[in-house]
Structures are given as structure tokens and as C-alpha cells.
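Reading through the C-alpha cells given below for one structure.
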Amino acid sequence: MWIDAHCHPDGLADPDAALAEAEAAGIGHWILPGTEPQQWRNAGQRFESDPRIHLAVGHHPWFLPVTEPDVSELESELDRRPHWVALGEIGLDFHIASNAAERQHQEDWFTAQLAVAAERQLPVIVHSVKAHDRVLSLLKRFPQVRGVIHAFLGPYEQALAFIDKGWCLGCGSLILKSPKTRDAFARLPADAILLETDAPDMRPHPALYANPLLDLLQTAEQLAQSRGVSLDQLKAQTATNVRRLFQKF
Ligand SMILES: [Zn+2]
């Protein structure tokens, strides 16, 4: 079955119906990243007993507290519920940072959370927008940390820079509209690619399906075609990649 390595079912209008329809279409597991403390608690309560949903926890760069980095809430959440599969989504979004101080604030929070991932040996889900070079240089401080650059957008050479560090890249609907990203994913090593939707965000235009979770099939079709592999090969390879990275299911 397909695995969606990054989506937000807690943001869907009717998660139960959407998940049931996606499951009937052959998608069997979903990684649900965290964004901020209230969301962690809500998603934990709602989905922690659902064996199809695998939860991550982290301070998303869009929702950072204005205070200096403080990972105590994150640490206590990690202690409280041992089922978390990853730290994330954390990272840098320089599209929303309007000045150097805001960029630094994001970097401070990102670095503090990477230190937690290193200490607890957790994989990381990274949100990187207009910030790949900076993310790469911060990751140098944590050579033992592995993870995925979610919804990677960029050229082949930049993708390779992450893969050289042992990282994976999340392939979402951006390959449908960005030729350079499509080219990157066509040529990357097969064991470094995860499929994802980021549903309900980042929908393809036009979307073939009403249910955003089914966007995975539309992206998979394009990726299989670009790489010259069958859908079954792609399904098996990307599922293996997700299980290798997150390990807990
Ligand atoms: Zn996301």
C-alpha cells in the first residue's frame, strides 16, 4: 500500500470519511507532523490509537512563540507519549521572515529542536522554504541527525546536497508544476524519495480528486512516469523508504 509521508488529516473537514476513502484507494499509512503545542495535544488525543496514523511533534516555523527557544514543552510531550515517530515539522521559512532578526529567531528555534532530535535519536521532518542553503549549513552541526526535507522544491544539485548527508526528500504535488523539481526527482536515487501530499495544503492545479488525500495518487503517477518505473515499483520503494526513516511501524 501507499504511504503518505506528510499530511495533516487533522486539518481536513471530515477526516474519518477522507481517510476511509483514501484507504479504499490503496493508501494505508499517514505521517502527521506537529505544528504547535495545542495541535500536538489535539492530534494525539484524536489519532494516537489509530494504527494508520503516525504522529510527530515540533514547533513549525509559522507558529513559533515570540520568546527565546524553549524546548521544555516539547520535551515533556515527548516524555508523556512515547509513540511519536519523529520531530517535526521544524525548520526555516524565509518567505515569511521579513528581516534578519526574524530569520535568526527561526534559526534559534530550529537549532534548539535539532539538538533534541540528536539527543533522543529521532528522525526529523523539515520545512524549508527559500532556506535550503541555511538549513544545510545548520544540519552540519548535527551530522548524526537524519530526516526528510518535506515538499522539496529546487534543482537536482541542491537535492543531492541533502542526499549526500543521508537525508530524504519529500516529493509532493510541486513536481506537477515545477519543471526543475520534476527533473530533480526523476534523477535522484530511488531510496531517498518519500511521497507526500501535505493535505489539505499544497493541492495540485488542477486536482484530479476532490479528496486531498488522493492527491498522492496524482503525484505518484507523475513521479513514476518521470522515473520510468511502474506504480507498483514506486509504491514498494517509497514505502520501504518511509519505514526505514521512521522505523516505528
Ligand atoms: Zn505540513
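Order of listing sets the numbers, starting from 1, for every ligand and every atom in it.
- Each of His127, Glu102, Arg103 was scored for a side chain to side chain contact (heavy atoms under 4.5 Å, CB included) with Asp93, with one residue passing: His127.
- Atom NE2 is the N, O or S atom of His8 at the shortest distance from the Zn ion (ligand 1).
- Using a 4.0 Å cut-off between charged nitrogen and carboxylate oxygen, Asp183 and Lys180 do not count as a salt-bridge pair.
- Residues Asp215 and Thr197 have side chains that never bring a donor and an acceptor to within less than 3.5 angstrom of each other.
- Taking 2.8 Å as the criterion, His6 counts as a coordinating residue of the Zn ion (ligand 1), since one of its N, O or S atoms falls below it.
- The name of the N, O or S atom in Glu89 nearest to the Zn ion (ligand 1) is OE2.
- For Asp198, the nearest N, O or S atom to the Zn ion (ligand 1) falls under 2.8 Å.
- Residues Asp16 and Arg46 are paired through a salt bridge, judged by an N-O separation under 4.0 Å between the basic side chain and the carboxylate.
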